[in-house]
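Notes follow once the structure below has been shown.
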Amino acid sequence: MNLAELPKQYDPHSAQSRWYSFWLEKGYFHADPSSEKPPYTIVIPPPNVTGALHLGHALNNTIQDILIRWRRMQGFDSLWMPGTDHAGIATQAVVERRLREEEKKTRHDVGREGLVERIWAWKDEYEQRILGQLRQMGCSCDWDRTRFTLDPVCARAVRTTFFRLFRADKIYRGKRLVNWDTQLRTAVADDEIESQQTAGQLWTIRYPVTGSMEFLLVATTRPETMLGDTAVAVHPSDPRYQHLLGMTVTLPLMDRPIPVIGDAILVNPEFGTGCVKVTPAHDPNDYATGLRHNLPMINLLNPDGTYNENAGAYAGLPLKEVRKRVVADLEAQGLLVKVEPHMLTIPLSDRSKTAIEPYLSDQWFVRMGDGEDGQPGFAQSAMAAVTSGQVNITPERYAKSYLDWLGEKRDWCVSRQLWWGHRIPIWYGPECEEAVLEMAFSGRDDVAWRRAETGGWLICSESDLATDAMGEVGELVQDPDVLDTWFSSALWPHSTLGWPEPTAELAKYYPTSVLSTARDIITLWVARMVIFGQFNTGGVPFKNVFIHPVIQDGNGKRMSKTAGNGIDPVDIIDLYGADALRYTLALSATETQDLRMPVEKTRLPDGREVNTSERFEQGRTFPNKLWNAARFALMNLEGFDPAPLRPEEAEIEDRWILGLLAQTATEVTSDLEAFRFADATRRLRDFTWNDFCDWYLEFVKARLRDDPSRPVAQRVIATVLDRLCTLLHPVMPFVTEQIWQALGEVAPSRGMPVPGPAAESVCIANWPELRVQDWLDEEAEATVGQWREKISAIRTLRSERNIPPSAKISPVIVAGGEVAVRLLRGESILASMTNSSIMTITEAADRSAESATTVLADAEVILPLEGLIDRKEEAAKLKKQLADLEKPLAGVRAKLANEGFVARAPTDVVEAQKARECELLAQIAAVLTLLEAAERGS
RNA sequence: GGGCGAUUAGCUCAGUUGGUUAGAGCGCCUGCUUUACACGCAGGAUGUCGGGGGUUCGAGUCCCUCAUCGCCCACCA
């Protein structure tokens, strides 16, 4: 092995570029539906093409790559389907913003085609960037299959789905109160809204009772909406207003009579005046009230947020201006009673950050509820998928939010008044007899129609219809709206596999194995994938859902670009390498719902100041540790001879490390099966660092120099390193490949009990399936445990007495019977690991000599230090040992003195306490003897 | 208002079904360029397990309650 190739410090960047292209060349990431191997599939949650990947993506993709690489090594035909999401409103919003800022233009200036063209250009740029970042992270996606939610394959799936929904009457058009974004001029989903606490005002207005001197007082936070009031509601049993029920009040400013109605749902008689103005077209509660009482619904708003002709004198004015004037006019007429400060939460659009207006408009909805025939609807079936266990959610608690949300069975508004997205495949046809349609589309099973509520026809088609498809009868006009982004996202697990075509991919890889995502889209995305998966394919889209934690900064705040507390995964890769990023994230992926990363600033080599977190340091040190363990191995593998060796034929420390390796491999496998990424990673770290490096490699150093058992040690080292590379590869693909390749040069054939040729890449090496019972060795475990304990005791004595590391001493271990037998085999090991000249293990020793002593449970460790120690100090130390032993003894005795404990605790627990008592007493006796000797001597 | 989660060492977190003296990493202190690694080695210090109550022979762990923080949902005339 050329040591020049093995620098002391591992260089992650050269390994990254070298091995990623190697993997691509070899085609390891490509899944093959014709292969005999069983499938293992993950579809990537497609990142939005709005921008670059953030740390949350890095975490999620690390998790997915761990699973995919692990299963690939286990012999599965692993498919990780990559792709990106067009993210309708989000992407259009950023491109529109840029248009405004850079060219001072609106989307109307550039037109529909012009805008969409610009968004495609944006998409191309960001898609490349995102996919590039995934590659930088080492993600083993099947790039040949990369999809985009707006590409022809996905578009086909969207069309077909919409058409089938339409035909099955699962989708309908209706006027509903929606959340309207007046800036983007589109409906937005409930989930695309965030609430903001604001200091507002509460206006109390006087409504004169028609034909009377009486007034009703109503309070409102939005006085401008009064123009659209169509009733005033009181509680039906409120004694104050009984006499007014059925009468009318005159709506000020509009001079319109509106009824006084009784409504027990809307009105809380305890609150305010007990009178509520009802504006059905501009408030969700009022809308419901309007439906209950069959009230007129007066829409005051134009799509752009100005008031329309229904607002009378206020028509054409923007909403804020209307408010000002309405308040002023009311005040002028003496109808404004008071204005009070009032805290309220206003809904803001996620994308444009402008206030959302409830707005009555025509939209498309997917029916979620059960059918009139009693057949379970979409929501019900999707709930059943989880309650029946067809879909498993981890951690379990998240099943609740899924079920709660679906339980509401709210219809899903799928239309958006945007230009970027899948155009709704609906054409509005002229009023005519149905026979005309049958004629026009005879013989076509890809066209379906339904009467529109507003007259004419709604015609749905899987393929585009020409405007003149109905000839002279009239023009067809396509619905200008597009579908909610989540419509295409909901199809992702099957659309990416080619549905509705009966592809080999669909047959083999569907349903997918795991979906990994964050909890905020359990409802938006996960639930809807189940719904459309069931509708289109008759089966669930995935067997497991893993919900990973959300990354926050050190103060528990969400990371965000605007707050400046975000960590860019690419910066972390630049600083520490991809393996470091992945390792740290894997180590952090516990079952908690939040994951905190204290953020700090640092400077990159190129001088740029970026955010990082000290937590990534461990991602830097661990690969380096592994790298150096490998260097040590490679330096010592000269003359490596790959002969067969059974664990039981090896030395005691060999048997110990091999047993531990087998146990670790088994535990790591079950951790991964249960999505316990942090446990798996921590276990591997501990084994590598605390067992293999700290102890095993130190144990065998002497053997590797000149010892007949050198070849055996070499075989063990090669085996452990080989298996460690495979176990760690899913977490740290680059450093493990680098080591694997280097190891291949000196030990192309390796392994135990019978060596075999190593795979050409650790990517495709076999995952360790070590039968623990074949490798575990209790005797070795006990013996090495003894060694470790004694070595630590000697080291502590040396350190406490300030014995320089260079000073050779000759410790004595006084141990009885069985313990001594076990220790004897390790005399040389103990000596070399404590820098001792001679190690004496005996059953008796002279306690009067000048020495430092520690009393262990089964032995005394004596450091003869003639002339080097202060007897008084030694006596003090012994007294401290005594105190340290008496404290637990008191505890044990208190327990044993407790009759309840002795009577009720399990026998083994009581016995353990008794044994502990004996042990402590023996230790105390030994310390007392030493103490006497010490005091006599001084 | 409803739900979920968190609260353990200075920081970030583990702590399986209750059972010896509560752990790790980082940070801190002491010593070491010991031939793989100073991104390292050896040793060390540091905890009223958020407060209170309860169940139990025994509680970081189970129950109740309060407090603080975070997230989600709903509502706010």
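- Nearest nucleotide to the side chain of Thr796(A), out of C39(B), C4(B), G44(B): G44(B).
- With respect to the salt-bridge test (charged N to carboxylate O, under 4.0 angstrom), the residues Glu919(A) and Arg916(A) qualify.
- Distance check on atom P: A42(B) versus U35(B) gives 15 Å, rounded to whole Å.
- The C1' atoms of C75(B) and C66(B) are separated by 26 Å, rounded to the nearest whole Å.
- When the C1' atom of A36(B) is taken as reference, atom CZ of Arg631(A) falls 5 Å away, rounded to whole Å.
- Glu698(A) comes within 4.0 angstrom of a nucleotide base, judged by non-hydrogen atoms across all strands.
- Contact annotation for Ser792(A): backbone-only contact, meaning every heavy-atom pair under 4.0 Å involves sugar-phosphate atoms and none involves a base.
- If you check every strand for non-hydrogen atoms under 4.0 Å, Gln552(A) touches sugar and phosphate atoms only.
- A cation-pi geometry, defined here as NZ or CZ lying under 6.0 Å from the six-membered ring centre and within 45° of its normal, does not hold between Arg620(A) and Tyr576(A).
- In the set C37(B), G19(B), U20(B), the nucleotide with an atom closest to the side chain of Gln913(A) is U20(B).
- Pair assignment for G70(B): C4(B), on the basis of Watson-Crick or G-U wobble contacts that are both within less than 3.5 Å.
- The pair Lys790(A)-Asp858(A) counts as a salt bridge, with a side-chain nitrogen and a carboxylate oxygen less than 4.0 angstrom apart.
- Across all strands shown, Thr220(A) has heavy atoms under 4.0 Å from sugar-phosphate atoms exclusively, and none from any base.
- Among the protein residues, Arg410(A) comes within range of the sugar-phosphate backbone only, with heavy atoms under 4.0 Å from sugar or phosphate atoms but none that close to a base.
- Within the 4.5 Å cutoff, the side chain of Gln738(A) has no heavy atoms near those of the Phe734(A) side chain.
- The side chain of Pro906(A) lies closest to G19(B), out of G19(B), C41(B), C37(B).
- There is no side-chain donor-acceptor pair under 3.5 Å between Tyr10(A) and Asn628(A).
- Applying the 3.5 Å distance criterion, the base of C37(B) shares no donor-acceptor pair with the side chain of Lys8(A).
- Separating the C1' atom of G2(B) from that of U8(B) is a span of 29 Å, rounded to the nearest Å.
- Taking atom CG on Leu585(A) and atom P on C13(B), their separation rounds to 13 Å, with Å as the unit.
- Comparing C41(B), C37(B), G43(B) by their nearest atom to the side chain of Gln9(A) picks out C37(B).
- Distances from the side chain of Pro805(A) to the nucleotides G70(B), G31(B), C37(B) place G31(B) closest.
- At a threshold of 4.0 angstrom between heavy atoms, the contacts of Ile522(A) with the nucleic acid are absent.
- No engagement by Thr273(A) is indicated, since no non-hydrogen atom pair under 4.0 Å with the nucleic acid exists.
- With A42(B), G70(B), A36(B) as the candidates, the nucleotide lying closest to the side chain of Asp694(A) is A42(B).
- The 5' end of RNA chain B is approached more closely, in terms of each residue's nearest nucleotide, by Arg596(A) than by the other of Ala912(A) and Arg596(A).
- Along RNA chain B, the nucleotide nearest Phe622(A) and the nucleotide nearest Lys701(A) are compared for position; the residue whose nucleotide lies closer to the 5' end is Lys701(A).
- Phosphate proximity of A14(B) to Thr590(A): present, with a side-chain N or O under 4.0 Å from OP1 or OP2.
- Backbone-only engagement by Arg519(A) is indicated by non-hydrogen atom pairs under 4.0 Å involving sugar-phosphate atoms exclusively.
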All N/O contacts under 3.5 Å from nucleotides 22-30 of chain B to the protein, with atom names and distances to one decimal?
residue, atom, partner, partner atom, Å
G25(B), O2', Gln618(A), OE1, 3.4

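- Rounded to a whole Å, the OH atom of Tyr398(A) is 9 Å from the C1' atom of C71(B).
- Spacing of C1' atoms, G60(B) relative to U7(B), comes out at 12 Å, to the nearest Å.
- C29(B) and A67(B): their C1' atoms are spaced 36 Å apart (whole Å).
- The pairing partner recorded for G40(B) is C32(B), the criterion being a Watson-Crick or G-U wobble arrangement whose two distances lie under 3.5 angstrom.
- Rounded to whole Å, atom P of C73(B) lies 12 Å from atom CG of Asp404(A).
- Here the separation of G19(B) from C4(B), taken at their P atoms, is 25 Å to the nearest Å.
- For the pair Asp594(A) CG and C4(B) C1', the computed distance is 10 Å after rounding to whole Å.
- When side chains are defined from C-beta on, Arg206(A) does not count as touching Val218(A), because their heavy atoms never get closer than 4.5 Å.
- Here the side chains of Ser837(A) and Ile809(A) are not in contact, with every heavy-atom distance at 4.5 Å or above.
- With distances taken from any side-chain atom of Ala905(A) to the nucleotides C39(B), G19(B), U12(B), the minimum falls on G19(B).
- G18(B) and G54(B) have their C1' atoms separated by 15 Å, with the value rounded to a whole Å.
- The nearest whole Å value for the distance from the CG atom in Asp520(A) to the C1' atom in G3(B) is 16 Å.
- Note on Arg676(A) versus Glu667(A): no salt bridge recorded, every NZ/NE/NH1/NH2 to OD/OE distance being 4.0 Å or above.
- With a 4.5 Å cut-off on side-chain heavy atoms, Ile261(A) and Thr289(A) count as touching.
- Following rounding to the nearest Å, Asp908(A) (CG) and G18(B) (C1') show an atom-to-atom distance of 14 Å.
- Pairing of G60(B), defined by two Watson-Crick or G-U wobble distances under 3.5 Å, is not identified with any nucleotide.
- Using a 4.0 Å cut-off between charged side-chain N and carboxylate O, Arg682(A) and Asp671(A) make no salt bridge.
- If you check the side chains of Thr612(A) and Lys601(A), you find no donor sitting under 3.5 Å from an acceptor.
- Checking G18(B) for Watson-Crick or G-U wobble geometry (two distances, each under 3.5 Å) identifies no partner in any strand.
- Pairing of A9(B), defined by two Watson-Crick or G-U wobble distances under 3.5 Å, is not identified with any nucleotide.
- For Ser806(A) and U34(B), the shortest distance from a side-chain N or O to OP1 or OP2 is not below 4.0 Å.
- Separation of the C1' atoms belonging to U16(B) and G10(B) is 28 Å when rounded to the nearest angstrom.
- The side chain of Pro598(A) lies closest to C11(B) when the candidates are C11(B), U21(B), A42(B).
- Using a 4.0 Å cut-off, no side-chain N or O of Lys400(A) falls inside it from OP1 or OP2 of C72(B).
- Pairing partner, G27(B): none, since no Watson-Crick or wobble contact has both distances short of 3.5 Å.
- Thr204(A) comes within 4.0 angstrom of no nucleic acid atom, judged by non-hydrogen atoms across all strands.
- Listed nucleotides C39(B), U21(B), A36(B) differ in distance to Pro888(A); the shortest reach to its side chain belongs to U21(B).
- At whole-Å resolution of the value, CZ in Arg795(A) and C1' in C41(B) are 8 Å apart.
- Proximity of Asn179(A) to Pro347(A): side-chain heavy atoms (C-beta onward) are nowhere separated by under 4.5 Å.
- Checking G43(B), U21(B), A36(B) against every side-chain atom of Phe632(A), the shortest atom distance belongs to A36(B).
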